[in-house]
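Source: prediction; values computed, not measured. Side chains are part of it too, since the values below use all heavy atoms of this structure and drop only hydrogens, waters and symmetry mates.
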Amino acid sequence: MVTIGVQAGAGFRSHAITASSATATTVNVQVSAGVTLLGIGVLAVGAAAAGVTVHAQAVAAP
């Protein structure tokens, strides 16, 4: 089991584990800017995030 934490600047971030094995885990992090349209806050289309630190902790599955 892998727990992921993302450390980055301001803005909305989403992350997903895209691959995991006994020796490696790959994480995809997307960033999206908040946009206000007619007074309603919405999220813009996500893009690959740069300059993000990803913390991963692996523990044995129960």
Side-chain angles (χ1 to χ4, degrees):
M1 184 166 67
V2 178
T3 302
I4 300 296
V6 176
Q7 180 179 345
F12 177 79
R13 305 283 190 286
S14 65
H15 65 278
I17 296 173
T18 56
S20 187
S21 71
T23 58
T25 298
T26 303
V27 178
N28 180 303
V29 179
Q30 298 280 312
V31 62
S32 181
V35 176
T36 302
L37 181 62
L38 299 174
I40 300 171
V42 296
L43 293 175
V45 176
V52 174
T53 302
V54 176
H55 301 277
Q57 179 180 11
V59 296

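A donor-acceptor pair is defined here as one N or O able to donate and one able to accept, closer than 3.5 Å; such a pair exists between the side chain of T18 and the backbone of T26.
With sequence neighbours excluded, the residues forming a side chain to side chain contact (heavy atoms under 4.5 Å, CB included) with T25 are V2, I17, S20, V27, listed by chain and number.
Summarising the hydrophobic clusters (Ile, Leu, Val, Met, Phe, Trp, Tyr; side-chain heavy atoms under 4.5 Å, direct or chained), the residues clustered with V31 are none.
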Worked check of side-chain contact (heavy atoms from CB on, under 4.5 Å) between R13 and V52: CA-CA 10 Å; R13 305 283 190 286; V52 174; 4.0 Å; yes

Donor-acceptor pairs under 3.5 Å, side chain of residues 55-62 to any protein atom, not counting sequence neighbours: which ones?
from : atom 1 : to : atom 2 : distance (Å)
H55  : NE2    : Q7 : OE1    : 2.8

